[in-house]
Amino acid sequence: MRTPIDRATWRTLLGYARPQRRTILFGGTLVLLSGLAAAAQPLAAKALVDRLGSGDGIAGLLALLVGLALAGAAIAMVGDFLLERAAESVVLVARKRLARRLLSLRVPAVQRAEPGDLLSRFTGDTTLLREVCTHALVALVTGSVTTVVMVVMMGVMDVVLLGITLAVLLVVGLLALAGMPMIEKASHAAQSAVGETAARLLSACSAPSAR
């Protein structure tokens, strides 16, 4: 019964991110390139160490290693900037829509809701929306691609290291899957607690003025 709801939720989230899809795609590509540059650094470092052992010149490999580090940092900075800009645009659109929705509610509906909870929805939930629509989606794709590249590199460099890494990833993945229901439950409880706290604080602050 939860699958249609989850799909509808994802469609809604992607709908907020759709106007910024080009910026998110470009920023995510830059972040992915920076991750690949970071993944290539161990290979360059290994070649540099091997070159030192053989007594050959290392100027070219050293320049390559430094270039990969600097290029990766610069590309990551631009990518993060674009993602942050897109994220703020998503939040702006979401808050405008939510503000119009709240202002169009009838008085009885507003009175039934806690003012602090409405304020929490307007601020906290839209901030979480920014993380989900931009950073979470990009991290899912870039993290998956970078992990595959790193695993392949480990297999080329050392089969034993590859086996250890796969075993660790399997254990971590199983633990993450086992903890997801608890994390989801705790997240819902935290959001409810924030709304209740805001409602009580607003009530306490407005009580003296009412008297």
Side-chain angles (χ1 to χ4, degrees), residues 1-35 75-145 176-177 179-210:
M1 295 296 293
R2 294 185 60 183
T3 303
I5 298 177
D6 292 342
R7 288 178 180 176
T9 301
W10 274 110
R11 284 197 296 268
T12 302
L13 293 177
L14 294 177
Y16 283 109
R18 189 172 293 112
Q20 301 295 324
R21 60 185 180 276
R22 293 183 179 178
T23 303
I24 295 174
L25 179 61
F26 186 49
T29 302
L30 293 180
V31 172
L32 177 60
L33 290 177
S34 68
I75 293 173
M77 181 177 63
V78 177
D80 289 337
F81 170 77
L82 292 176
L83 291 178
E84 288 293 337
R85 183 176 180 178
E88 292 300 329
S89 298
V90 169
V91 172
L92 178 61
V93 173
R95 286 180 176 172
K96 284 183 176 180
R97 292 182 182 179
L98 183 56
R100 287 195 296 266
R101 174 61 178 168
L102 292 177
L103 293 175
S104 64
L105 292 176
R106 296 183 179 276
V107 174
V110 177
Q111 291 176 342
R112 286 194 300 268
E114 292 287 348
D117 184 63
L118 295 177
L119 182 61
S120 174
R121 300 294 181 185
F122 185 79
T123 56
D125 287 10
T126 51
T127 301
L128 293 176
L129 177 65
R130 174 183 63 183
E131 299 299 323
V132 172
C133 288
T134 54
H135 298 286
L137 292 176
V138 171
L140 177 62
V141 177
T142 58
S144 300
V145 174
L177 289 176
M180 283 301 295
M182 293 183 292
I183 294 174
E184 183 179 3
K185 182 178 180 180
S187 177
H188 286 300
Q191 287 298 104
S192 299
V194 170
E196 183 179 353
T197 302
R200 291 183 178 181
L201 180 60
L202 183 62
S203 177
C205 292
S206 61
S209 60

statement: When every non-hydrogen atom of Q20 is compared with those of S89, the smallest separation belongs to NE2-CB, 3.4 Å
statement: Taking every heavy atom of I24 against every heavy atom of A86, the minimum-distance pair comes out as CG1-CB, 3.8 Å
task: Mind checking side chain to side chain contact (heavy atoms under 4.5 Å, CB included) for R97 and listing every partner two or more places apart, or none if nothing turns up?
output: Y16, V93, R100
query: Residues in side chain to side chain contact (heavy atoms under 4.5 Å, CB included) with L82, at least two apart?
result: T23, F26, L30, V78
- request: With the side chain counted from C-beta on, respond yes when L32 and V141 share a heavy-atom pair under 4.5 Å apart, and no when they do not.
  value: no
